[in-house]
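What follows is one structure encoded as structure tokens, with my remarks underneath.
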Amino acid sequence: DQQVKQNSPSLSVQEGRISILNCDYTNSMFDYFLWYKKYPAEGPTFLISISSIKDKNEDGRFTVFLNKSAKHLSLHIVPSQPGDSAVYFCAASLGGAQKLVFGQGTRLTINP
Amino acid sequence: SAVISQKPSRDICQRGTSLTIQCQVDSQVTMMFWYRQQPGQSLTLIATANQGSEATYESGFVIDKFPISRPNLTFSTLTVSNMSPEDSSIYLCSVGGLTGSYEQYFGPGTRLTVT
């Protein structure tokens with residue numbers, strides 16, 4: 001039972017354009033959502049998060065949108081840069097236990 | 001955030017042997033976790049490492065296969081016991097509870113290959 005799903009295994013975007021990565025979840029009890037970025041041979045790096053009581057959180061070039069009714073969140077990166085090429089994971093947390101459930105990841109490639 | 005190191009960074013082990021992975025944090029942390037990322041898969045939580053008590057394991061993971069120690073607030077070990085090729089994965093430790101929110105910060109991972 002995949003509670004967090006990233007349906008696009010890969011995404012290719014031109015440098016300077018907007019990258020939009022999507023994530024769907026099934027468990028309405030998730031109360032916190034996070035995005036991580038992972039380069040090969042490194043651990044995931046925390047990017048941005050959002051509480052379930054909000055619908056948008058912005059940090060520089062990164063914005064996360066949450067649509068609770070649709071159980072959907074997205075990460076917008078604008079403008080996209082070559083260094084953004086990596087695998088992006090969305091994750092969801094269930095309350096105080098702070099256990100994270102991860103999606104399968106989306107490989108983002110930024111083309112010059 | 002915190003600086004997290006893992007040893008070894010990678011290893012190739014024979015079937016039937018065991019490997020202990022170390023995770024060291026540069027500051028005291030309340031919560032430490034161990035994850036596994038199998039080839040081409042997502043990250044899956046193995047267990048929560050509790051300081052001074054037994055680890056809390058997720059469904060599908062057992063203490064006999066993945067014994068965990070956490071002797072203090074900066075260090076934990078994960079042992080992969082009686083290894084088989086299916087245990088070939090990246091093993092990652094993470095820490096949480098640093099900022100009062102739910103962010104977790106990950107170590108660089110240990111790439112294990114079992115032959």
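The sequence lines fix the lettering, A, B, ..., with proteins before strands; numbering per chain opens at 1.
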Review point. Do B/Leu78 and B/Met32 share a hydrophobic cluster (ILVMFWY, side-chain heavy atoms under 4.5 Å, transitive)?
Key: no

Exercise for review: Give a yes or no on whether B/Val29 and A/Phe46 share a hydrophobic cluster (residues Ile, Leu, Val, Met, Phe, Trp, Tyr; joining criterion: side-chain heavy atoms under 4.5 Å apart).
Suggested key: yes

Check your understanding: With a cut-off of 6.0 Å (strictly less than), are more than 12 heavy atoms of other residues, nucleotides or ligands near CZ of A/Arg61?
Key -> yes

Check your understanding: Same hydrophobic cluster for B/Phe61 and B/Leu112, using side-chain heavy-atom links shorter than 4.5 Å among ILVMFWY?
Key -> yes

Review point. Would B/Ile46 and B/Met83 show up in the same hydrophobic cluster when neighbours are defined by side-chain heavy atoms closer than 4.5 Å?
Key: yes

Check your understanding: At what distance, to the nearest 0.5 angstrom, does CG of A/Leu94 lie from OH of B/Tyr102?
Key -> 9.5 Å

Study note, to complete from the structure: residues 34-44 of chain B vs chain A, non-hydrogen distance cutoff under 4.5 Å, contacting residues -> B/Tyr35, B/Gln37, B/Ser42, B/Leu43

Review point. Is B/Phe66 reachable from B/Leu92 through a run of I, L, V, M, F, W or Y residues, each pair having side-chain heavy atoms under 4.5 Å apart?
Key: no

Practice item. Give, as side chain, backbone, both or neither, the part of A/Ala41 having an atom under 4.5 angstrom from any heavy atom of chain B. Key: backbone

Study note, to complete from the structure: For residues 21-106 of chain B, the disulfide (SG to SG under 2.5 Å) pairs (sequence neighbours left out) are B/Cys23-B/Cys93

**Study point:** Top contributor to chain B interface from A/Ser49, A/Gly105, A/Gly103, A/Pro44 [non-hydrogen pairs under 4.5 Å]
**Key:** A/Pro44

Review point. Does any pair with a residue in residues 43-70 of chain B pass salt bridge (Lys or Arg N to Asp or Glu O under 4.0 Å), and if so which ones, sequence neighbours excluded?
Key: A/Lys99-B/Glu58, B/Lys65-B/Asp87

Review point. Between atom CD1 of A/Ile48 and atom CD of B/Glu103, what is the distance when rounded to the nearest 0.5 Å?
Key: 10.0 Å

Can you give the donor-acceptor pairs under 3.5 Å from side chains of residues 7-18 of chain A to other protein atoms, not counting sequence neighbours?
unit_1: A/Asn7; atom_1: ND2; unit_2: A/Asp24; atom_2: OD2; d: 3.4
unit_1: A/Ser12; atom_1: OG; unit_2: A/Asn111; atom_2: ND2; d: 2.5

Review point. Any side-chain heavy atom of B/Gln104 within less than 4.5 Å of one from A/Tyr36?
Key: yes

Review point. Of the backbone (N, CA, C, O) and the side chain (C-beta and beyond), which part of A/Leu34 lies under 4.5 Å from a heavy atom of chain B, both, or neither?
Key: side chain

